[in-house]
Structures are given as structure tokens and as C-alpha cells.
Amino acid sequence: MAVDYDHKTVEKKWQTFWEDNKTFKAVQDPQKEKYYILDMFPYPSSHGLHVGHPLGYIATDIIARHKRMKGFNVLHPMGWDAFGLPAEQYALKTGTHPAETTARNIDNFRRQIKGLGLSYDWDREINTTDPNYYRWTQWIFLQLFKKGLAYEAEVPVNWCPELGTVLANEEVIDGKSERGGHPVIRVPMRQWMLKITDYAESLLAGLNDVDWPEGIKELQRNWIGRSEGADVEFHLPSIDESITVFTTRPDTLFGATYMVLSPEHPFVDRLTIDGKRGEAQAYVNEAARKSDLVRTELEKEKTGVFLGTHAINPVNGEELPVWISDYVLMTYGTGAIMAVPGHDQRDWEFAGEFNLSIVEVVKGGDLETEAFVDNENGVMMNSATPDGSFSLNGLKVPAAIQKITSWLEETGKGRATVHYKLRDWLFSRQRYWGEPFPVVHIDRKPAPLSEADLPLELPDLEDYQPAETGNPPLSNATDWVNVTFEGKKGKRETNTMPQWAGSCWYYLRFIDPQNDEVGWDSEKESYWMPVDLYIGGQEHAVLHLLYARFWHHVLHDLGYVSTREPFKKLINQGMILGEDGSKMSKSKGNVINPDEILEEYGADAMRLFEMFMGPLEKSKPWSTAGMKGSHRFLKRVWSMMTNDDGTLRDNIESDAEIDDELNRLLHQTIKKVTDDIEELKFNTAISQLMTLTNAMKTRPSLSGNLVKTFILLLSPFAPHMCEELWQRLGHAETLAYSPWPEYDDELAREELITIAVQINGKRRGEIEVAPGVDEKSALMLALEQSNVKRYLDGKDIKKTILVKDRLLSIVV
RNA sequence: GCCGGGAUGGCGGAACAGGUAGACGCGUUGGUCUCAAAAACCAAUGAUCGCAAGAUCGUGGGGGUUCGAUUCCCCCUCCCGGCACCA
């Protein structure tokens, strides 16, 4: 019996070898087909990795190693998304400078990741906080600015007092901050915005061209929220102005019985009569103070105030009372709606609350109990102009929408429009640890720095504590803030960019990480892009993945990148849960530290187990017993091939014959492992390798060729041990570029197969046949079976069905 | 409420394209080795009945299509994730 495999020594040896020999360095080579495989790079948090984090990294590593052996030129890089809140919160907590803690955290992450034997090209390592990196983040911002896609605005923002910063809509969940779960309130502030709304249509269209999980695409579609309808003009006689409302149901215009403005709508003041002023003012103030949490979560019953004035319905001239209510949002559509309580549930509830009239214009529902909103089968009624010149009556809803939209356009009372839920991206943060904006304010107007002045470095500050006032820490750096720019006195922008900025384009920098002239060389870009496979967590479905696509579309329009979409195929890895089945967290005490796993079982065993646990995309609980099982498998492989002293066993002979049965299994295994890796079904690939191992162990001797092939097949999963065995087999070179084994379909085919015999759908026996057996001979064989005879006794065979090489079904 | 994904032995999970459900691993039980234990190795292992041959049941629940359904169709329950007054 061989002594236990010494994973520590072997793994250290090969990690050093790969590093010293730059085994995984990617060099552009137009002769070879490229494969760009990317992980979502991590924030180097202070906690280090837990066993769930590397799941995706292990998966991409297996693909990367497999593709190299398949002859692809593989780009597989890693870096650090090190700006932003987590790093800064940690720095604040520990009182050390973020630059210092960030550097330390990166060292720890790098150590942990390298310990897993991942085949990254470390020469391409990048760090978003490096001026040589964020120089180009700032450069992209300048391009956005010049294209008119970056602008400043005084807007009601999501202010998080606890974090001392504003947050993007995407970072606010149920009225709380995505990070830390702190309350968020709405206050108006001057902010930088990026006009992502200009790209709503483009971002939507691009989703049709990528191979992403349908769920993620749907999430983005919903977030963009395209909605077709019509803008309709309503006259306001009291101020002699007209107001535009957006509706997706212009067909119900005859059913409008009142109008509602958002409390923030600019017309509110002028539309309020004196007798209502106090009441309206109070309502507006209250709405302004409410957090989104209160407004959307807690308050389900409708509130509002009648302003005392009226609007004129353009189709029939009727007077509609104008109300304000916070169920109408200023940030969507036009901030004003026509209310059709008969055919909109929210309006119906509001009308019920305030006793407003309900008019039925679509037949088919019971308006006593709820609004009727069937927009497919409903038939129009009560929908004609007073003079009878125009009518929708009798039409189905879709036809009515068409007809009235054309009528609105002809009469100048409205037009077909499209609105989006997506809002512009709030792009500034009142924090220290982020990219400075390459902008100087002169006379309160922003002027862009010239590209030659980049990078604009983040000044080294002693006091980087966020202020509760929202005054950014950088405003304390007066020497830095006050500049003379183009002969005038100006002030630098003191907000910084959000976390997402650096990750919006890092995949481009990986292509050309050391370039000082440009962010990336366009020839290299067109060779390597797009990213062929991108693996990361689902939590980035609408944040990172939408922002990065937006920048990429802009860069494409500007001619800086060759593809419209950056990420061709996307996979979301699942979570690894604690052994108790709940999410791993410090407070639950169920966190598994990979350092301990590596120490005890080694990187190969951990890689193997994480891939064996189940489908990559699914969440599944950690299991220490399972971890031991994978470790045991590797030890078995090792002892199958080596003696106590580590030399190869005598029963591995290069000229030993392989028997047909084992050879068949070998070829079946090559096929299954190859196919499964390509489909990312690592768990079944591993189980097939286990099956082959079990068979190999029953043989007194193994052919050298079999052993060689087996090692190559196992190597993407357990690269250290396989390199070691490979070397002991007498190879001087790494196996990382050895050709991937080929299989022979002929040799993989079984000589005799067992097929089931069913009688009336129940399995009653099985027969041994040659593949491709015909129905008649199969039936003959089946009839010899005593159990089959028993069931057929005295009955007529009505029909037989042969499923090729599967089963024979007899109907009696 | 809407959208997406799920539910298979004691556990993680397999199952081509409607064709032998439970591969592989874990766990458990029995055995070998040992003074003993651990480790390792060998064997058994969905449930029920049976000495056995074999039978019946069985993929969240209920119906349907089919010679045959984990797989297709209809209805329902529960779990996970996301969105949520978006006009």
C-alpha cells in the first residue's frame, strides 16, 4: 500500500513551476483560434475567500485548461476590483488608509487564489485602484462627457446617511442600501448622471444577440422596462397650458374621469386653488419626506388631494378634476396620468377611496368588484365623440388603440410614444475611495481635463471619513481642489466615481494591460474580443452587466471596440451554502475557510469536490463528508499508480495489452468527459472518471497508454497531481499543452447490450443482444424467457415496438 | 401580484431526443486487516412482501395523452431568486 499522497509538497512544486515558467502566459497569435474566458473579478474584501467564491474560478479554469489542450489560444486573466465601499468601510473600521488595507487584502486574495492552482496569466493582473488603470477609466468618462452622455443635475437622489453617500437606483433594495442594508432617503443633490436611457433601445436589442441565461436577459428587459403607448395632451383652462400624460391604453380615453399629477410635478402649485393650498402643500411636503420604503412598501392604500381645478379631456371635452397623489411617480412617463378607474386597478382603488366616478368603456368585466383590464378580448363601448364623428365602439382593444392613436396624431392631440422604466445612471459618490472625475468646475460649469493630463490621481488624504452633510471627503483637500485651469481659477470635482466604473471595462484592459499609449490596442482588441465565456454571480444581473454593456455600446459607437456586445456567453454559478443548508455567513458560524480545506485535503481535492457537488448553476450545501470522498478518490488514483516510495508501479507497462472491455470504457470516458466539459457538466464528467478508475483498479496491469490518457482527462480537474504523475511517467514538459485525447466511436461501441422487455408497459425481463438487433430476433429471444412466457401465456401479441438498443415493448 | 428557476432514496445528485428511474459520490450495515481503533480494502444498500424466482408501490399532489411519462399537456401545493403603485 502506498503512503498517502503528499498534496502539500506536490501542489507547491507545480504552482512554483507554472509561475517560474510562465506556463499560462497568453500571447497573441493570429494563427491560433482564440478563446477568452473570464471570471467576474472580485472585490478583495477583508474576510478573504470562503469556499463558495472560487466555484466559478474553478469552473473557468477547467475550461481554460481543456481549451489549451484542444489547441486554443486561451486568454484567462484575473484582477482586483478594489475601489468602492467594501474596501473603504473596512478601512474606516480599522482606521488604516484604504490604499494600505486594499493592498493587504489583494495580497491575501492573490495568495488564496494562487493556492488553488488556477491557470491565470498573472502578467495581466490588474487593479482598478492603480493610476495606470484608472487613467483609462477617466479617459472613458471623458469620451462619455464629450458625447453628451455625462451631465450634472440637481436631482432627488437615494441618500444613505449611514454610508454617507448617494446610491444608484440599482443599489437600493426595498428602500435599503444593497451593501449593509442601511436606510436610504430621498434628498435633492447635485450629481453626475450618465445618460444610459439614450441606450435603452440598444441595450434591449443587444440581448437578442447574446447566449445568456434566459432569466438574466428577462431581468434586464424588465429593468429597462420598454412600454409602448401614447402621449396625450390635456388642456388646463385655469392656467391656459396643456399637460402631457403617458398612457399605454389610449383606447380608454373616453373612460378617463380624473387626472392625477405626481406631487413633484411642476404644475402643481399653479393648478392649486387658494382654498386647497394648505392641504396640497402639506401633502407635497409629506410626500417629499417619505422614503421610498414607506412610499412603495408600507403604504398600500391610496392617498391624494384634489387641487380644485380641471383638465379637458381632448376626446369629448369633458372636465376632469385634477388631483395629486404619490402613486404617480415623477420619474416615470411624464409624471402625470389620466385616470381610468374602470380599466386600471390603481385608478379603481383611488376612485373608490375618494368617490370619483367610474365609466365603463370596455365591455366584459364587473366594475363593482375590480377594474377590467383584459386588453385582448375586451370590446369597446361608450367611446364616441359627442358629435358622433369618431367612435371606437365595437372594436377590440388592440384595434381601438391603433385607431385612436392615429386620430390623436391627425388632430395634433397626441402621438405614439415609447417610455422606459430605466432611468439615467447616478454616477457620483460622496466618498473618498474611488476614481476622481477628470473635471474642473469653472464658473460653476464643468470643463473636461485634456487626455494628456490623465491620470488625475486621487490625493493622499489623512481624513477620508464621509460627512453626514454629504460634503465629499475630497473637498477637504483644498490644495488639490483649487486649481488654475486654462488660465482661470477653478475647482476640481470632489465626488468620486462609483464602484461600478472600474468593472465596466476591465475585460478590455486585460487584453492589453501594460499599454501606456492607449487603454487597449485595437488590433489586440479585435483579436481577443468578445469574451467567449463569462462566469460570475447572479447578483450582478442588472448592475455590473448592464453598466458594462452600456459603456461597451458607447465605445462601439465611437469606434473603439469591434463588437457590439462584450460578453458572448454568460453563466451564473450557484452559491455554496453552509453545511446546514443556509447561506454561509459569519453570524451563522457556518463559513468554511478554503485555507483549511487546502491544508487538509489540498487544492486538487477541493477543485474536484466543488465540481462534483452538482450542476455549476445550482446552489448546493457544503459537505465535509463529500469533501473527504473526493480526497479519497484522488488518493486511490495515486496509490493505483505509485509504490510507497513514489515510483511508478510495476503493473503500469507501456506495452501491456488493454482488454476490449476496458478499452471500450476508456473511449466512452474520453467521449463523455470531453462532451461534459464543453457543456460545463463537470459533475458527470467526474463521475465517469470515477467509473473508469473503478474498472482500472480491477485489472492486474494497466497499459501505459491507458494511464497516460486517464491522466490527461483528469488533469483539468486535478492539475497538480496529474502534472506530477505525468512527470513520473517520464515527460519533461508540462501536460498543459498536451493534445486532448481523441476517442474512437467504433471502439466505444458495446458488443453486447442488455435491453429491457416490456409487456403492456411493465418491465418483465431483459435480453442480451448485439447492437442494432432487429425486432424479430429480439422477440424470439424474449419469448425464450420464462418470465416473459408466463405473461404472454394464452394471450395474443397485438403489437411489438422495438426502441433501437433500448427496449422491446410487447402489447397483448 | 408579476417574471424566472426548482421539487427524484437517509443526503448531494444521474437519466440521450418519451424507452430498464436512482449512474457517481456521501452515509449506513456487514465483512477483511488490527490486541483495539482509525485509515484502507471487499460486499450490500429506494420502500414493502417473499427462502427464492419474483411481485406491488415509487421522481411534490391531482388529472390527461401514450404500448410506455422524472421527461409532453392541463390544474394545484410548496421552496428559492428577482421585480414590484412603471400609467
Side-chain angles (χ1 to χ4, degrees), chain A residues 1-2 4 173-174 213-219 221-223 225-227 229 245-249 252 260 262 295-297 299-300 302 325-329 331-340 343-347 349-350 419-423 538-539 541-542 572 574-575 577 581 583 608-609 612-615 617-630 632-633 635-636 639 675 681 683-691 693-694 697 754-766 786-787 790 798-812:
Chain A
M1 182 47 49
D4 267 5
I173 294 163
D174 293 344
E214 211 39 58
I216 299 288
K217 292 206 250 183
E218 209 46 40
L219 233 51
R221 285 192 191 107
N222 290 340
W223 192 264
R226 185 179 200 275
S227 179
V245 306
F246 174 64
T247 177
T248 55
R249 294 292 304 276
T252 61
V260 189
S262 161
R295 231 166 121 162
T296 61
E297 284 289 303
E299 233 171 46
K300 292 295 181 191
K302 300 277 182 287
S325 172
D326 63 7
Y327 83 91
V328 176
L329 310 173
T331 46
Y332 184 75
T334 61
I337 63 158
M338 64 177 209
V340 185
H343 306 286
D344 181 288
Q345 189 58 27
R346 295 153 303 179
D347 297 344
E349 284 162 18
F350 189 85
H419 282 264
Y420 300 90
K421 237 159 76 175
L422 185 71
R423 295 168 210 169
Q538 172 143 35
E539 66 273 19
V542 285
N572 293 121
M575 261 190 304
L577 307 170
K583 203 171 161 176
L608 194 78
F609 176 57
F612 184 61
M613 289 170 80
E617 295 94 327
K618 267 189 71 177
S619 291
K620 52 246 157 184
W622 181 260
S623 158
T624 302
M627 178 67 245
K628 286 185 174 141
S630 293
R632 192 176 304 147
F633 168 72
K635 283 195 295 185
R636 271 200 285 253
S639 66
D675 294 350
K681 288 157 67 175
N683 53 333
T684 48
I686 293 168
S687 87
Q688 182 66 32
L689 286 167
M690 289 173 168
T691 304
T693 308
N694 291 344
K697 282 180 22 180
T754 308
I755 72 172
V757 180
Q758 285 187 353
I759 295 164
N760 284 349
K762 291 213 182 270
R763 183 173 164 278
R764 297 300 180 192
E766 49 189 39
S786 57
N787 205 41
R790 192 149 72 84
K798 287 194 190 126
K799 180 169 152 191
T800 58
I801 300 150
L802 179 79
V803 182
K804 188 168 179 290
D805 297 348
R806 288 283 176 185
L807 61 67
L808 176 71
S809 184
I810 303 169
V811 188
V812 295

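Every chain is numbered from 1 and lettered A, B, ... according to where its sequence line falls, protein lines coming before strand lines. In this text, all values refer to a predicted model and were calculated from it rather than measured experimentally.
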Taking N and O atoms by type only, does the side chain of A:Arg806 place a donor or acceptor under 3.5 Å from a partner on the base of B:rC16?
yes
Taking atom CD1 of A:Ile337 and atom CG of A:Asp347, what is their separation to the nearest 0.5 Å?
4.5 Å
B:rU28 versus B:rU65 - spacing of their C1' atoms, nearest Å
41 Å
Rounding to an integer number of Å, can you tell me how far A:Asn222 CG sits from B:rG81 C1'?
13 Å
Torsion-based syn/anti label for B:rG60, 90° from 0 as limit:
anti
Has the side chain of A:Lys620 got a donor or acceptor atom that lies under 3.5 Å from a matching backbone atom of A:Pro615?
yes
Reading RNA chain B 5' to 3', what string of ( ), [ ], | and . shows its pairs, if Watson-Crick and G-U wobble pairs count only when both distances fall under 3.5 Å?
(((((((..(((......[....)))((((((.......))))))((((....))))..(((((..]....))))))))))))....
P atoms of B:rA14 and B:rG25, separation to the nearest Å:
15 Å
With a 4.0 Å cut-off on heavy atoms, is A:Ile801 in touch with a base, just the backbone sugar-phosphate, or nothing at all?
base
State whether the side chain of A:Lys421 and the backbone N or O of A:Asn222 hold a donor-acceptor pair below 3.5 Å, judged by distance alone.
yes
Using atom P of each nucleotide, how far apart are B:rA69 and B:rG60 to the nearest Å?
15 Å
Heavy atoms only, 4.0 Å cut-off, all strands: where does A:Lys618 land among base, sugar-phosphate and nothing?
sugar-phosphate
Atom NZ of A:Lys620 and atom P of B:rG6 are separated, to the nearest Å, by 14 Å
Does the Lys NZ or Arg CZ of A:Lys302 fall within the cation-pi geometry relative to A:Phe350 - under 6.0 Å from the ring centre and within 45° of the axis?
no
Is there, by distance only and without an angle test, a donor paired with an acceptor across the side chain of A:Glu617 and the base of B:rG5 below 3.5 Å?
no
Nearest-Å distance for atom pair CG/P, residues A:Leu219 and B:rC3
14 Å
Please report the closest heavy-atom contact between A:Met613 and A:Pro621, naming both atoms and the distance.
CE-O, 3.2 Å
Kindly point out which of B:rG12, B:rC85, B:rA87 is positioned nearest to the side chain of A:Pro621?
B:rG12
Picking from B:rC67, B:rA87, B:rC42, which would you name as closest to the side chain of A:Val811?
B:rC67
Rounded to whole Å, CG of A:Leu808 lies from C1' of B:rG19 at a distance of 11 Å
Please classify the nucleic acid contact of A:Lys421 as base, sugar-phosphate, or nothing, using heavy-atom distances under 4.0 Å.
base
Any sub-3.5 Å donor-acceptor pair from A:Asn760's side-chain atoms to A:Val812's backbone N or O?
yes
Could you work out the separation of B:rG9 and B:rU71 based on their P atoms and round it to a whole Å?
15 Å
Could you check whether A:Lys681 gets within reach of a base, just the sugar-phosphate, or nothing at all, counting any heavy atom under 4.0 Å?
sugar-phosphate
Expressed as a whole number of Å, how far does the C1' atom of B:rG5 sit from that of B:rA53?
46 Å
Spatial distance of atom CD1 (A:Ile755) from atom OG (A:Ser809) [nearest 0.5 Å]
11.0 Å
May I have the distance from A:Asp805 (atom CG) to B:rA17 (atom C1'), rounded to whole angstrom?
15 Å
Using only heavy-atom distances, decide whether a donor-acceptor pair under 3.5 angstrom links the side-chain of A:Lys798 to the base of B:rC67.
no
When rounded to the nearest 0.5 angstrom, what is the spacing between CG in A:Leu808 and CZ in A:Arg764?
14.5 Å
Which parts of nucleotides 48-58 of chain B does protein reach within less than 4.0 Å, heavy atoms only, written one letter per nucleotide 5' to 3' as B for base, S for sugar-phosphate only and - for none?
------SSSS-
Between B:rC41, B:rU20, B:rA87, spot the one nearest the side chain of A:Lys697, thanks.
B:rC41
Rounded off to whole Å, could you give me the CD-to-P distance for the A:Glu766 and B:rG19 pair?
18 Å
For a quick check, with a 4.0 angstrom heavy-atom cut-off, what is the B/S/- contact string for nucleotides 23-30 of chain B, read 5' to 3'?
BBSSS---
Regarding A:Pro213, tell me which of base, sugar-phosphate or nothing describes its non-hydrogen contacts under 4.0 Å with the strands shown.
nothing
Working note: A:Leu689 + A:Phe612, criterion side chain to side chain contact (heavy atoms under 4.5 Å, CB included); need CA distance, chi angles, decisive distance, verdict.
CA-CA 11 Å; A:Leu689 286 167; A:Phe612 184 61; over 6 Å; no
Say you pick atom C1' in B:rA55 and the same atom in B:rG1; how far apart are they, in whole Å?
50 Å
So A:Gln758, base contact, sugar-phosphate only, or nothing? Heavy-atom distance under 4.0 Å.
base
Atom-pair distance (CD on A:Glu539; P on B:rG4), nearest Å:
22 Å
Name of the residue among A:Thr800, A:Leu807, A:Val803 meeting side-chain contact (heavy atoms from CB on, under 4.5 Å) with A:Gln758
A:Leu807
If I pick the P atom on B:rG68 and the same atom on B:rC83, what distance separates them, to the nearest angstrom?
46 Å
Expressed as a whole number of angstroms, how long is the span from A:Glu218:CD to B:rG5:P?
9 Å
Between A:Arg423 and A:Lys799, which residue's closest nucleotide on RNA chain B lies nearer the 5′ terminus?
A:Lys799
By nearest-nucleotide position on RNA chain B, the 5'-leaning member of A:Glu214 and A:Gln538 is A:Glu214
What nucleic acid atoms does A:Thr754 come within less than 4.0 Å of, heavy atoms only: base, sugar-phosphate, or nothing?
base
Look up atom OG1 in A:Thr252 and atom NE2 in A:His343, then write down how far apart they are to the nearest 0.5 Å.
7.0 Å
Considering only atom P, compute the distance from B:rA23 to B:rU45 and round it to an integer number of Å.
10 Å
